[in-house]
Amino acid sequence: MQGEIGLPHSARLAVVDYAVMLIYFAFVLAVGYALKRYTKTSTDFFLSGRRIPVWITALAFISANLGAQEVIGMGASGAKYGIATCHFYWMAVPAMVFLGIFMMPFYYGSRARSVPEYLKLRFDEKTRALNAISFAIMTIFSSGVSMYAMGKLFKLLLGWNFDFSMFMAAGVVLCYTFVGGLSGAIYNEVLQFFLIVFGFAPLALLGLLNLGGWSGLKQKLAVVSVQNGFAPTAYTQAWAFMGHSSQNPIGVEWFGLSMGLGFVLAFGYWCTDFLVVQRAMAANSMSAARRTPLIAAVPKMFFPILVVLPGMIALVASPTAPSRFSQTHTVQDQQVLPGTVRGIIPVKVDAATGKPLLNSRGVAVLDYDLATPMMVLHYFPSGMLGLGMTALLASFMSGMAGNVTAFNTVWTYDVYQSYIYRSGSDAHYLWMGRAATVGGVVLSVVAAYVAASFNNIMDVLQLVFAFVNAPLFATFALGMFWRRATGHGAFVGLVSGTASAAIHHGLSLSKGSMVGIKGGFLGDFITYPSELAQTFWTAIVAFTTCLVVTTAISLVTRPRPAAELRGLVYSLTPRAGIREPEWYRRPEVLAVIVLVMVIALQSVFF
């Protein structure tokens, strides 16, 4: 029996595949239960008692970022944009270095228990409230989108019931985060890290071998590149064609890429997002907290092999010939229509008509989000299919757990304790943290059903992150390195930055997009070659506006006394501290090593 047009027929898991999933569930629940006896205070629950070893916090730091948007989204971008997608990883490294060297001393060394609380200490209560509320809402919607994507994906690929898939994963995440708190999430994120590595590494290897290695992949992508109007190596060289936006698949020039992604978005996410910063704050010392993002940067720069490369392979793998490595789960039962399928990536289907969805130029739109899942079905036999699906499941659950633990901390410390009930005991706030965990999971489920009613919810979510994180980084940069910055300036700057991003988005539109969620609702005055180019420049506008407005308002408002800013501003914070005796444990040495590594890596694929 044939599946729907452009969609894969549901695969059937063998007993061994289900056994792999059940073993995984048993492990994550056992880890959460084992850590219950170490979770006795609110500090234990929200910050793991600040006793986690650095190698654990480093792996959890990177694993918390391996949610649905990362594993599925970057595979999709790899198929759509080629090796240029690796910039999302390589340009993250300088931001992670900046976090470890300059910002972690403030986060870990100050009295702050969260990123919003640092804003209160540095600026004022209203700035903290704005960030806490916006962050709490974003984490819930991000978690909900991950759950929605997981339920939809497993229904499509395995035929599982949408509701069952969501409630199953949500129930498991709730169990180990409720009893183990942040420690339960962190140790399970380490487990999920290795599961994702061992689940996707064979996928990239088998795909490359099937195509004749890297050279074979380059040859096939060269054909695609020429067909799309680019140079033969545009999909396999990261920098060579960034001179002009028309010369590369990503549709952005070097300045927009470097400033928009490499500076504003990368620094805005890695340096201010509490979801990842919380993992470093759980480390057992200041040195360990600073080394956490630096150690995490090493696997980060190589992760494109696991998540981007499979997407590039999916673009050119044969959809009709079975893989020589898998005799069971090939993609021969999707209906191939002329001009509608490239590689093993199916087309998007119009839910109303059941026909391929066309863009404004009449060309069928590929469902790039299915690139990595289709690779799993295409190359993995029974047993390995279970491992691949469990790796996908682990990525969804890791992202959800990270969002839930960040949410319960911000809700309890920055909303409940600050504005609702200030005089509670430690045991009361521990209870509230667990109640917030339940509430966060429930709200995530609700958000998942809300996401189901939107066609472009992932685009909306990513755009909201750009609206919020870009101006937030400007606020942090000024607050940490300019003692004259004031609370009034920070608050007005944040609001102005977000507003300017919305206005810019409303006045611009990417080529081939329809007016609406993707922009142009205030008038199509600016046309960008791609959605990413539009997003990068929106972030640049938001950052610049916040920087200028915060500076201007701060110059005409009264700053706080220098004595109140010690430990919160770089120039007023003593640099004396414990120096690691071994050179390889010093954060500054690690920073130089990872920067040299990422430069060398980019030069190979220049």
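Worth saying up front: this structure is predicted, and the values here are computed from it rather than measured.
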Tell me whether the count of non-hydrogen atoms from other residues, nucleotides or ligands lying under 6.0 Å of [atom1] in [X] goes above 12.
X: Phe25; atom1: CZ; value: yes
X: Tyr33; atom1: OH; value: no
X: Phe27; atom1: CZ; value: no

> Any side-chain heavy atom of Ile420 sitting closer than 4.5 Å to one from Trp411?
Replying inline: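 Ile420 vs Trp411: side chains touch.
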> Residues two or more places apart in sequence or in another chain: which of them pass salt bridge (Lys or Arg N to Asp or Glu O under 4.0 Å) with Arg434?
Replying inline: none
> Which residues pass the salt bridge (Lys or Arg N to Asp or Glu O under 4.0 Å) test with Asp414, sequence neighbours left out?
Replying inline: Arg128
Any residue meeting side-chain contact (heavy atoms from CB on, under 4.5 Å) with [X], in chain and number order, not counting sequence neighbours:
X: Ala502; result: Phe467
X: Ala282; result: Ser48, Ile52, Leu182, Ile186
X: Ala289; result: Met104, Tyr108, Ala283

Only counting residues at least two apart or in another chain, list the ones meeting side chain to side chain donor-acceptor pair (under 3.5 Å) with [X].
X: Lys300; value: Asn65, Glu70
X: Tyr24; value: Gln192
X: Thr475; value: none
X: Ser510; value: Ser513

>> Is a donor from one side chain sitting under 3.5 angstrom from an acceptor on the other, for Tyr81 and His87?
In response: no
> Between Asp163 and Tyr449, does any side-chain donor sit less than 3.5 Å from a side-chain acceptor?
Replying inline: yes
With sequence neighbours excluded, residues passing ring-ring contact (aromatic ring centres under 6.0 Å, His included) with [X]:
X: Trp55; result: none
X: Tyr413; result: Phe46
X: Phe303; result: Phe193

> Which atoms form the tightest heavy-atom contact between Met375 and Leu203, and what is the distance?
Replying inline: O-CD1, 3.3 Å
